[in-house]
Visitor: 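My questions all concern the structure below.
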Amino acid sequence: MSNSSSTAGAGAPLTTPESPSGVISNFIKDIISEDLRTGKHNSIVTRFPPEPNGYLHIGHAKSICLNFGLAKEYGGRCHLRFDDTNPCKEDIEYIESIQRDVRWLGFDWQQFLYYASDYYDKLYEYAVALIKMDKAYVCELTNEQMREYRGTLTETGKESPHRNRPVVESLELFERMKNGEFEDGKLVLRAKIDMNSPNINMRDPIIYRIRHTTHHRTGDKWCIYPMYDFTHCVSDALETITHSICTLEFEDHRPLYDWFLKALQTECHPRQIEFARLNLTYTLMSKRKLLELVEKKYVNGWDDPRMPTISGLRRRGYTPEAIRNFCEIIGVAKSNSTVDFAMLEYCVREDLNKKAMRVMGVLKPLKVVITNFPDGLVEECDAQNNPEDESAGTRKVPFSKVIYIECDDFREEPPNKFFRLAPGREVRLKHAYYIKCEAVIKDENGNITELHCTYDPATKGGWSNDGRKVQGTLHWVSAAHAIPCEVRIYDQLFTKANPDDSAGGDYKQNLNPDSLSVLYPCFVEPGLKMAGLNDRFQFLRQGYFCLDNESTPEKLVFNRTVSLVDSWAKLEKKMQQPKK
RNA sequence: UGGGGAGUCGUCUAAUGGUAGGACAGCAGACUCUGGAUCUGUACGUGAGAGUUCGAUUCUUUCCUCCCCAGCCA
């Protein structure tokens, strides 16, 4: 990897950061490296510009990692700027959540926190300047008329009758707009560009509209609000952004971005670069749809662990490291793409495997009585906390006559390759003893209620000194010491890889009715009493878990972040499938 | 049917005129007190055609497919 980057004497090592192996390049880095090499810029300034009208999701994480990551890698800076120009949809709650999420992801905007609304005065002045240059005018067309005049994709537009009104008239009208003399929608300020442009964005786009709405930051100071296209480029320029990175759908807006800045002759003229937004299988990235899921209670809030939101992933147990690594390995390009959800799961498993403390928890308990184990005796078994990390140490786990094992770990009639417990079969209890199933106890309906097993005292710790081998190792919890708790198992929120793929065109038809399963009582080893909200656990042989924020000391609630790779489940599924 | 983009293993993504590589997913095996992890092996791709060239994913050209744009949203 390092041998290919020996650029033949490119000659500006000062500004060309060493790509440490493992850092993946992309076309944006190529552009930046070139800009630095040629001296176009000495350092870079990027920005992450969310609109505070919803919670951040994993797609935003890609953008955050890109923008902040670029700044970090090239020794520049990245601004956090709220693009708050539409008070009808925005809210202070979102501003707070966005800051929390960006910070949690591990990024720091330092003192560079901005709001487009901070620029309202300047934006107004720039708009006036545009009018004075005869590059903008106040238009009285109604919404409907405006649409007619705009033309279509294949037909050019018509010029507004107000297009050539005198500058002074527009100036006066615009001031009166600002002063609140007109009701919503009555007048707009438009850029005077070209109604015949094949690019619809250039057909005299609206710059300002009237909205008698209280803004979450500026209150009632303004009743006119600038539109995105005007606001964004000006904000970028004011902040001396060097590279304005946005998603593909704004490609068509770039000529407009450049038109404004050229007309206004701003000192700084950032370069807009577009990349493909993230799509993930089995989930949605549309803010509108995520909002609908929240508002119509298909999920339990923005931080529902099934949501692809940062707050949902956090609650689910994902780590910032896992998400950052994910954003790194998926790459950045310009073609629309949909990343396999398995890639995200891979990242969280990889991270948690290194960090998570191993514990034992039984999700679907089956009672086992060790018939030859002394009544009342409690033994302490030594258990490794993390085989991947020696420094994590060991702990003691109590073992006694009555324990719980996993229902799935016993089969009265074991199928081929089932290595777990069955009548007459011997298995190992992790960290404890070999046990052998001697009897299956059932109720009057034939349901298994408990197992009677015997243990071999000579196998303490889980080893046999006679070379005898067992095929399976089970996790378990001592019944007398177990803590009952609730465990929430999550599955995909949607049943289809592309949730938008539905007959009626309604993604909600693809909602997975089994996306949440609540298990109770589950039993976990006693040490888990001390679990904290930031702890991550691997329930041995099951998956990674964390405490849910609804958990209380009286009733522990765990979320399953992700299951372990389960090759038995895979095998079993395959065996069940009819041979073709 | 105007304009703007994009087409590389199943999925992401490299290679910019010189061996099509990596990751995830898949398959097979080794190892293992987690059927985890780890390790090994394996299969799978340049949208199609024509041209330039010793040589094309890369350059030219024709075609095909997909995405975005007709908010007083961003």
Side-chain angles (χ1 to χ4, degrees), chain A residues 1 4 24-26 49-51 53 83-86 88-89 139 141-143 146-147 150-157 184-190 197-203 205-211 225 227-229 231-232 246-255 274 276 278 281 287-288 329-347 349-350 353-354 358 360 384 387-388 417-420 427-432 434 459 461-464 469-475 497 538-543 563-572:
Chain A
M1 181 168 278
S4 62
I24 302 163
S25 193
N26 58 54
E51 183 190 9
N53 67 344
D83 222 332
D84 56 350
T85 56
N86 185 359
C88 307
K89 291 184 177 177
C139 182
L141 253 29
T142 64
N143 211 329
M146 192 90 73
R147 196 182 313 127
R150 188 156 36 225
T152 67
L153 294 178
T154 51
E155 300 160 42
T156 60
D184 288 9
K186 208 71 184 167
L187 299 178
V188 292
L189 182 70
R190 300 175 71 179
S197 172
N199 181 346
I200 291 180
N201 295 304
M202 300 299 272
R203 318 235 262 233
I206 293 171
I207 303 177
Y208 265 93
R209 77 287 214 191
I210 301 171
R211 282 268 183 292
Y225 292 95
M227 298 285 289
Y228 165 84
D229 286 301
T231 309
H232 205 87
C246 63
T247 44
L248 253 27
E249 68 270 28
F250 292 104
E251 212 145 16
D252 282 348
H253 295 240
R254 188 170 2 114
E274 310 84 12
L278 171 68
T281 55
K287 271 197 198 175
R288 199 204 95 226
I329 68 171
I330 57 173
V332 177
K334 288 197 70 159
S335 58
N336 289 309
S337 58
T338 303
V339 176
D340 196 332
F341 197 87
M343 194 86 90
L344 219 207
E345 294 191 321
Y346 162 80
C347 288
R349 285 191 186 109
E350 181 191 54
N353 178 48
K354 290 179 295 195
R358 270 60 171 175
M360 292 195 286
Q384 218 178 353
E388 302 290 319
K417 296 197 177 156
F418 182 84
F419 298 153
R420 286 115 87 145
V427 297
R428 171 169 39 234
L429 293 178
K430 181 79 177 175
H431 308 308
Y434 284 10
T459 57
W463 292 104
S464 160
K469 293 227 164 146
V470 289
Q471 282 197 110
T473 299
L474 313 187
H475 59 276
Q538 183 195 100
F539 286 13
L540 235 43
R541 304 205 305 133
Q542 309 249 41
S563 69
L564 248 32
V565 170
D566 190 345
S567 50
W568 162 245
K570 213 183 291 177
L571 217 199
E572 192 180 31

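First the proteins, then the strands, lettered A, B, ... as listed; each starts at 1.
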Visitor: Looking at the side chain of A:Phe250, which of B:rG2, B:rC72, B:rA74 is the nearest nucleotide?
Guide: B:rA74
Visitor: Given the P atoms of B:rA14 and B:rA6, what is the spacing between them in whole Å?
Guide: 13 Å
Visitor: Could you tell me whether A:Phe418 contacts a base, only the sugar-phosphate backbone, or nothing, with contacts defined as non-hydrogen atoms closer than 4.0 Å?
Guide: base
Visitor: A:Glu388 or A:Lys186: which one's nearest nucleotide on RNA chain B is closer to the 5' end?
Guide: A:Glu388
Visitor: Base, sugar-phosphate alone, or nothing: which one does A:Glu274 contact when heavy atoms must sit under 4.0 Å apart?
Guide: nothing
Visitor: From C-beta outward on A:Lys570, which listed nucleotide comes closest to its side chain: B:rG35, B:rU34, B:rG26?
Guide: B:rG26
Visitor: A:Asp340: what forms a side chain to side chain contact (heavy atoms under 4.5 Å, CB included) with it, not counting sequence neighbours?
Guide: A:Thr281, A:Ala342
Visitor: Counting the atoms with a prime plus P, OP1 and OP2 as sugar-phosphate, which does A:Ile330 contact under 4.0 Å by heavy atoms, base, sugar-phosphate, or nothing?
Guide: sugar-phosphate
Visitor: Quick one: which of B:rC33, B:rC72, B:rG36 gets closest to the side chain of A:Asn353?
Guide: B:rG36
Visitor: May I ask you to say what A:Thr152 touches in the nucleic acid, namely base, sugar-phosphate or nothing, with a heavy-atom cut-off under 4.0 Å?
Guide: base
Visitor: Taking O4'-C1'-N9-C4 for purines and O4'-C1'-N1-C2 for pyrimidines, is B:rG71 syn (within 90° of 0) or anti?
Guide: syn
Visitor: Taking side chain to side chain contact (heavy atoms under 4.5 Å, CB included) as the definition, give me every residue that meets it alongside A:Val427, ordered by chain and number, with sequence neighbours left out.
Guide: A:Leu421, A:Ile435, A:Leu474
Visitor: Checking all strands, does A:Arg358 fall into the base, sugar-phosphate, or nothing category for heavy-atom contacts under 4.0 angstrom?
Guide: base
Visitor: Heavy atoms only, 4.0 Å cut-off, all strands: where does A:His431 land among base, sugar-phosphate and nothing?
Guide: base
Visitor: With sugar-phosphate meaning primed atoms plus P, OP1 and OP2, does A:Lys334 contact a base, only sugar-phosphate, or nothing at under 4.0 Å between heavy atoms?
Guide: sugar-phosphate
Visitor: In terms of side-chain heavy atoms of A:Asn143, which of B:rG2, B:rC12, B:rC72 is nearest?
Guide: B:rC72
